[in-house]
Amino acid sequence: MSDIILQIDGKEVAAKPGMTVLEAAQSAGIAIPTLCHHEKLEPYGACRICTVEADAGGRTSFVAACLYPAEKGLVVRTRTEQVNRMRKVLLEQMLSHAPDSEDLLELAGEYGADPHRFEKEPSFCILCGLCVRYCAEVKQKHAVSFFDRGAKREINFIPEIAVKECWDCKECFPLCPTSALQAAYVLTESLLTPPEEPSSCGGCSSCG
Ligand code: SF4
């Protein structure tokens, strides 16, 4: 099949059929920020930080580059004023949940995002789902999962599976953009560690 020709930031880019805008941009050396993307995983489109402006069929819209297919004649702009503004607000919202995330703070610097704009609601997780999807899609273990809905949604390890699988794996740990995962694992681990057996002598007063 012949290549698809589209335009990204004024540059003509040849993409393979089936590629997304993000993949086409990356193949042409054009950087688009991502937080929930991983090349081994199915596109997810959770963080929206890869939002770009795209002209197709006479319409301009804002699309997630990690999901949007590279199409013939598509015109994409990755760093317009509006795109930058959207990314800035998204980062400010995510930083209210994970104020110490180095990945987020680095992007905040690039986009002029104010880490203190929104009231802090530290859950330390931005729900990118990288750990959940990596464990399910690559490791096929399902040792970590989403729980609850809406504002209460969070990730947690499934203790019975985690205790068997995670100790020798830990492959998802470095994927976490906020380090929330390690903390969740330490907590799970502590819940799974049986309390130490009391020694035969409790040091009570009856020994005299
Ligand atoms: S460390 Fe545990 S949760 Fe993470 S990928 Fe490995 S098995 Fe899955």
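Order of appearance sets the numbers: ligands from 1, and atoms from 1 within every ligand.
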Q.
Quick one about Asn84 and Gln82 (side-chain donor to acceptor, distance below 3.5 Å, no hydrogens or angles considered), yes or no?
A. no
Q) Which protein N, O or S atoms sit under 2.8 Å from atom 4 (Fe) of ligand 1? A) Cys172 SG
Q: Begin from the C-alpha positions of Leu74 and Gln7 and carry the test side-chain contact (heavy atoms from CB on, under 4.5 Å) through to its verdict.
A: CA-CA 6 Å; Leu74 189 71; Gln7 198 192 93; over 6 Å; no
Q: Verify the neighbour count for atom CD of Gln93: are there more than 12 heavy atoms of other residues, nucleotides or ligands below 6.0 Å?
A: yes
Q: Enumerate the atoms of ligand 1 whose separation from the nearest heavy atom of Phe157 is less than 4.0 angstrom.
A: 3 (S)
Q. Got Val163 and Phe157 here, is their nearest side-chain heavy-atom distance under 4.5 Å?
A. no
Q: For Glu106, look at atom CD and say whether over 12 heavy atoms of other residues, nucleotides or ligands are found less than 6.0 Å away.
A: no
Q) Is there a donor-acceptor contact under 3.5 Å from the side chain of Thr34 to the main chain of His37? A) no
